[in-house]
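Each residue takes its place number in the sequence, starting with 1.
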Amino acid sequence: MASSSNSLGETKKYKGVRRRKWGKWVSEIRVPGTQERLWLGSYSSPEAAAVAHDVAYYCLRRPSNLDHLNFPPMVLPLTNHLLIRDDMSPGSIQKAASDAAMAVDAQYICNSLADRGSTGPAGDYNYTAPDDQDLSVQDYL
């Protein structure tokens, strides 16, 4: 498990997530009934890696309740959008998990650029996102 610190110094832990020593957040999950691990990717934020884990967990286990997920309210809309099926291959599960996590990472990176007032998409210095651009994970899905 990995942890991330918020501004108050508190630690938040996400299931299926760990941090590499160089700062990237990675996620993988065990395939039920085997010793095989399914690599889910490397991300800029722990939340993106946690979303990848949640989508893969749901695809592999089809849990009757969502208690073992990092973001339970978010998984069902994600799985509906990503066209999750019962007969998915490991590669299809990896892609669905990665697609969901990349959307979260895109939001994280956009928000980081806006918070720092740094170079924006057009290369302009002191870039800040327009006030009418309140981004959410659902915007990317």
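- Hydrophobic clustering of Ile, Leu, Val, Met, Phe, Trp and Tyr side chains at less than 4.5 Å, counting indirect connections, keeps Leu40 apart from Met102.
- Smallest separation of non-hydrogen atoms from Val104 and Ser45: CG1-OG, 4.4 Å.
- Between Ser42 and Arg20 there is no side-chain heavy-atom pair separated by less than 4.5 Å.
- Shown are Ile29, Ile93, Leu38; of these, the side-chain contact (heavy atoms from CB on, under 4.5 Å) with Cys59 is made only by Ile93.
- Here salt bridge (charged side-chain N to carboxylate O under 4.0 Å, His left out) pairs that include residues 22-45, with residues two or more places apart or in two chains, are Arg18-Glu28, Glu28-Arg37.
- Cluster annotation: Tyr57 and Leu60 are assigned to the same hydrophobic cluster (Ile/Leu/Val/Met/Phe/Trp/Tyr, side-chain heavy-atom contacts under 4.5 Å, transitive).
- Here the NZ atom belonging to Lys95 is positioned 7.5 Å from the OG atom belonging to Ser98, to the nearest 0.5 angstrom.
- Nearest heavy atoms, Trp25 versus Ser44: CD1-O, 3.4 Å.
- Side-chain atoms of Glu47 and Tyr14 include a donor-acceptor pair closer than 3.5 Å.
- Here the side chain of Asn70 pairs no donor or acceptor atom with the backbone of Asp54 at under 3.5 angstrom.
- The OH atom of Tyr58 sits 9.5 Å away from atom CG of Leu69, with the distance rounded to the nearest 0.5 Å.
- A single hydrophobic cluster is seen to contain both Val31 and Met88, as judged by linkage of ILVMFWY side chains at heavy-atom distances under 4.5 Å, directly or through other members.
- For Thr34, there are no side-chain hydrogen bond (donor to acceptor under 3.5 Å, both in side chains) partners, not counting sequence neighbours.
- The two atoms that bring Ala101 and Ala48 nearest to each other are CB-O, 3.1 Å, heavy atoms only.
- Listed here is the closest heavy atom pair of Ala52 and Ala97: O-CB, 3.3 Å.
- The backbone N or O of Gly16 sits less than 3.5 Å from a side-chain atom of Ser27, completing a donor-acceptor pair.
- The distance from atom NZ of Lys15 to atom NE2 of His68, rounded to the nearest 0.5 Å, is 6.5 Å.
- Put simply, the side chain of Asp105 never gets that close to the backbone of Tyr43: no donor and acceptor are under 3.5 Å apart.
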